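A short write-up of the structure that comes next.
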Amino acid sequence: MQVVTRFAPSPTGFLHLGHVYAASAAWHAARQAGGRFLLRLEDIDPQRCRAEYAAAALEDLAWLGFVSDAPLRVQSAHLPEYRATLEHLAARALIYPCFCSRADIAREVAAAASAPHTGDTGAPDGSPYPGTCRHLPPAVRAEKLAAGAPHAWRLDMQAALAHVATTGAALRFFEPSEGWIAADPAPFGDVVLGRRDVPASYHLCVTHDDALQGITLVTRAHDLKPATHLHVLLQHLMHWPTPAYAHHALLTGPTGARLSKRDGAVPIRDLRAKGLTADEICRQVIG
Ligand code: GLU
């Protein structure tokens, strides 16, 4: 099987050395295996993504030599495909509409904290959901949907795990440095798969596109390893293949924290302006 890797930045700022590290991990994994390297822009978040950053990212990547072996996929241009995936999951009662606002959820979580634990755990991505809309009567749900009430779509984790149990399949992924790892998505609880503002979410789109683009090896930073447990579940529910996952170290700054725009990581374009070559920049991250 030909190895296919990808680099999938979100255009929320200018690319910095952390991105070069991630891109080169995917690039080298593809090249060493005689495989293909693909680029994707994960730009479904209208609040955080900007066209100017997307254009700058593509320009920087081309200058660095990370050229995609297939046409670029821009997620925001494919929202109907993600919506269709949500509809497919809704038809199987694996997701449900959630009409709660953030304030509603905060209130419920605070109330639950002072009551005996009800079984909902905090999600690794920081979005614990107390399950308020999970058991709304169908008539109430239908009425709210018909009235156009704003809503997100949440995975019904219990239903999803029950479905997996009926198939008898083992949820697992292969990490080349560690071997097979059992996936435990339960801590995510009823995670949002379709946001209120766009019929999509990071978790939905990344698994959809990895399958669509035939990605066989996902290389990405270690901080996304918890998400892989959820992604394996989504792949199972949607009958998508599970690629291998090589989670790599995070490039950290002088304080030991993840390099990020917020912590003043220097944009690649500034290093270019100072006269550094693409080779010099890549050598800074691979040593
Ligand atoms: N778009 C994500 C990011 O920029 C990467 C997602 C992934 O590699 O799975 O952090």
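For ligands, and for the atoms within them, numbers begin at 1 and follow the listed sequence. Quick caveat, the model's predicted, so the values are computed rather than measured.
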If only atom types and distance count, is the side chain of Ser68 paired as donor or acceptor with the main-chain N or O of Pro71 below 3.5 Å?
no

Could you tell me if His28 and Thr219 have a donor-acceptor pair between their side chains, going purely by distance under 3.5 Å?
no

Sub-4.0 Å atoms of ligand 1 with respect to non-hydrogen atoms of Val206
9 (O)

Give a yes/no on ligand 1: does Phe7 have at least one heavy atom closer than 4.0 angstrom to it?
no

Main chain of Phe99, side chain of His151: is a donor-acceptor contact present, judged purely on distance under 3.5 Å?
no

Can you tell me which residue pairs pass the ring pair (Phe, Tyr, Trp, His ring centres under 6.0 Å) test with a partner in residues 59-81, sequence neighbours excluded?
Trp27-Phe66

Does an N or O from Arg6, backbone or side chain, lie closer than 3.5 Å to an N or O of ligand 1?
yes

For ligand 1, which atoms, with element, lie under 4.0 Å from some heavy atom of Ser10?
1 (N), 2 (C), 3 (C), 4 (O)

Donor-acceptor pairs under 3.5 Å, side chain of residues 3-10 to any protein atom, not counting sequence neighbours: which ones?
unit_1: Thr5; atom_1: OG1; unit_2: Ala26; atom_2: O; d: 2.8
unit_1: Arg6; atom_1: NE; unit_2: Asp210; atom_2: OD1; d: 3.0
unit_1: Arg6; atom_1: NH2; unit_2: Asp210; atom_2: OD2; d: 3.1
unit_1: Ser10; atom_1: OG; unit_2: Glu42; atom_2: O; d: 3.1

Considering the heavy atoms of Glu42, write down every atom of ligand 1 situated less than 4.0 Å from one of them.
1 (N), 2 (C), 5 (C), 6 (C)

Looking just at side-chain N and O atoms, do His203 and His231 make a donor-acceptor pair shorter than 3.5 Å?
yes

Tell me, which protein residue and heavy-atom name are nearest atom 10 (O) of ligand 1, and how many Å apart are they?
Leu224 CD1, 4.5 Å

Between ligand 1 and Ala8, is the shortest N or O to N or O distance under 3.5 Å?
yes

Without swapping roles, check the side chain of Asp190 against the backbone of Tyr129 for a donor-acceptor pair under 3.5 Å.
no

Residue and atom name of the nearest protein heavy atom (relative to atom 9 (O) of ligand 1), distance in Å to one decimal:
Arg220 NH1, 2.8 Å

For ligand 1, which atoms, with element, lie under 4.0 Å from some heavy atom of Pro9?
4 (O)

